[in-house]
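Contents: one structure, followed by commentary.
Since the structure is predicted, the reported quantities are computational estimates derived from the model, not experimental observations. Counting starts at 1 for both ligands and their atoms, following the listed order.
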Amino acid sequence: MCSGRVDLEFVLRAFSNGMDGVFIGGCRLNECNYITHGNYHALNMVLLCRKIMEHIGLNPERVRIEFMSSAEGILFAEVMSEFGNKVKELGPLGKREGIDQNELKSKLAEITKLVPYIKVVKNEKLASRLVNPEEYDKFFTKDEIDKLFSEVVSYYIDPEKCQACMTCAKRCPAEAIISAKNQIHVIDQEKCIKCGTCFEVCPPKFRAVTEITGAPVPPPIPEEKRTIVRKGKEK
Ligand code: SF4
Ligand code: SF4
């Protein structure tokens with residue numbers, strides 16, 4: 001596949017499945033046959049991934065991207081051999097870094113769940129084209145990544161405002177909204193991928209979805225209290 005199709009989630013999945021290193025090979029920068037130049041996107045994704053790895057205590061050298069043409073077999077062999085040796089030197093994922101395997105699994109699962117959110121928040125940077133390799137390392141900063149995770153946004157439906165119009169549930173890409181006719185809608189926080197769609201589509205006359213940053217989400221309204229009794233239908 002095009003290197004631009006290699007999602008951050010794929011890299012995290014490889015690590016979750018026990019890989020000790022991930023290599024991504026892309027066409028040479030500026031030699032893409034399409035206007036999309038997906039290899040720049042792949043580069044940005046890898047730079048972001050490396051900083052996220054540092055954030056969770058993993059050695060960022062476990063992920064590498066290189067650009068080369070299909071005619072450069074020798075270069076490919078050299079790079080793969082060098083990377084293979086590097087990964088061997090780093091040893092099993094997490095062990096060298098001193099992270100407990102269960103803790104590592106849960107950290108990777110937590111980050112994987114946030115991938116759609118990360119992509120929305122970092123959308124602009126992920127789409128940019130870095131021309132100078134000297135910019136690579138400082139493109140995403142440590143502070144920026146710390147902030148990304150300390151200010152994770154959650155979405156909550158205010159039971160006082162929800163009118164059960166069902167718009168949010170129909171548009172939610174993760175089927176994370178518990179929805180039924182005349183029932184106050186509730187977000188299943190376990191399923192929610194924090195894409196913000198419900199926040200955007202809830203009609204302005206209701207504004208029932210709120211964004212919560214860096215604070216716990218209120219508990220969901222109990223099931224027996226979710227029925228909306230419309231005016232004129234009350235006995
Ligand atoms: S933010 Fe809203 S639309 Fe997006 S996954 Fe969560 S509940 Fe669904
Ligand atoms: S779009 Fe808004 S009002 Fe409609 S069901 Fe969802 S939260 Fe409730």
Side-chain angles (χ1 to χ4, degrees), residues 4-17 41 44-45 48-49 51-52 55-56 105-128 140 144-235:
R5 177 67 185 89
V6 184
D7 198 279
L8 175 59
E9 196 260 332
F10 301 171
V11 181
L12 295 170
R13 194 194 307 162
F15 286 129
S16 301
N17 286 339
H41 189 278
N44 299 335
M45 184 277 293
L48 175 61
C49 184
K51 292 291 176 185
I52 291 174
H55 178 81
I56 61 172
K105 264 198 161 176
S106 82
K107 278 182 173 181
L108 287 169
E110 211 176 297
I111 303 282
T112 303
K113 205 178 146 213
L114 290 174
V115 167
Y117 166 76
I118 295 168
K119 286 188 343 195
V120 168
V121 176
K122 294 294 163 200
N123 179 32
E124 224 171 278
K125 271 193 162 181
L126 287 169
S128 49
F140 293 101
E144 179 183 3
I145 301 301
D146 289 348
K147 198 169 162 211
L148 178 69
F149 293 110
S150 65
E151 294 183 358
V152 170
V153 171
S154 296
Y155 294 89
Y156 172 71
I157 295 175
D158 185 340
E160 298 291 324
K161 295 183 180 171
C162 178
Q163 290 302 310
C165 70
M166 300 172 113
T167 309
C168 58
K170 284 179 197 150
R171 298 283 300 275
C172 173
E175 296 185 358
I177 299 179
I178 303 162
S179 163
K181 208 175 166 196
N182 287 329
Q183 294 283 304
I184 291 168
H185 285 38
V186 169
I187 295 176
D188 180 339
Q189 299 296 332
E190 285 302 307
K191 288 189 182 170
C192 174
I193 56 169
K194 302 175 191 299
C195 67
T197 303
C198 52
F199 180 75
E200 281 164 24
V201 300
C202 182
K205 61 183 172 185
F206 304 138
R207 288 202 195 287
V209 183
T210 53
E211 266 184 343
I212 299 175
T213 308
V217 179
I221 180 169
E223 258 182 85
E224 65 278 9
K225 293 189 180 166
R226 289 183 194 168
T227 304
I228 298 175
V229 181
R230 311 273 176 199
K231 275 182 190 155
K233 291 196 176 173
E234 287 173 273
K235 287 182 187 167

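Near C168, meaning under 4.0 Å from one of its heavy atoms, ligand 2 places the atoms 1 (S), 5 (S), 6 (Fe), 7 (S). Interface of Q163 with ligand 2, defined as ligand atoms under 4.0 Å from a residue heavy atom, comprises 3 (S), 8 (Fe). Close approach of ligand 2 to I157 (heavy-atom distance below 4.0 Å) involves ligand atoms 7 (S). In the vicinity of A164, heavy-atom distances shorter than 4.0 Å reach the ligand 2 atoms 5 (S), 8 (Fe). Atom numbering of ligand 2 starts at 1 in the shown order; those under 4.0 Å from a heavy atom of F206 are 3 (S). Listed by atom number, the atoms of ligand 1 under 4.0 Å from I177 heavy atoms are 7 (S).
By the 4.5 Å heavy-atom criterion applied to side chains, I228 and Q183 are not counted as neighbours. Residues Q189 and P220 have side chains not in contact (no heavy-atom distance under 4.5 Å, counting atoms from C-beta outward).
Contacts of P203 with ligand 2, taken as heavy-atom pairs under 4.0 Å, involve the side chain alone. Only the backbone of M166 comes within 4.0 Å of ligand 2, judged by heavy-atom distances. The side chain of A208, and not its backbone, has at least one atom closer than 4.0 Å to an atom of ligand 2 (non-hydrogen atoms only; side chain from C-beta on). Of all the heavy atoms of V209, none lies under 4.0 Å from any atom of ligand 1, so neither backbone nor side chain is involved.
For K125, the salt bridge (charged side-chain N to carboxylate O under 4.0 Å, His left out) partners two or more places apart in sequence, or in a different chain, are E144.
Rounded to the nearest 0.5 angstrom, F15 CZ and I111 CD1 are separated by 12.5 Å. Taking NE2 of H185 as the reference point, atom SG of C198 lies at 11.0 Å (rounded to 0.5 Å). Taking CD1 of I187 as the start and OG of S179 as the end, the distance is 11.5 Å to the nearest 0.5 Å.
Listed here is the closest heavy atom pair of K181 and M166: N-CE, 3.6 Å.
Taking a cutoff of 4.0 Å between a charged side-chain nitrogen and a carboxylate oxygen, D7 and R13 do not qualify as a salt bridge.
Atom 2 (Fe) of ligand 2 has no N, O or S atom of C165 inside 2.8 Å of it. Backbone or side-chain N, O or S atoms of H185 do not reach atom 8 (Fe) of ligand 2 at under 2.8 Å.
Within the protein, the number of N/O/S atoms found under 2.8 Å from atom 4 (Fe) of ligand 1 is 1.
Counting non-hydrogen atoms of neighbouring residues, nucleotides and ligands closer than 6.0 angstrom, the CD atom of E110 reaches no more than 12 such neighbours.
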>> For a side-chain hydrogen bond (donor to acceptor under 3.5 Å, both in side chains) check, start with the C-alpha distance between K105 and S16, then their side-chain angles and the critical distance, and finish with the verdict.
In response: CA-CA 6 Å; K105 264 198 161 176; S16 301; over 6 Å; no
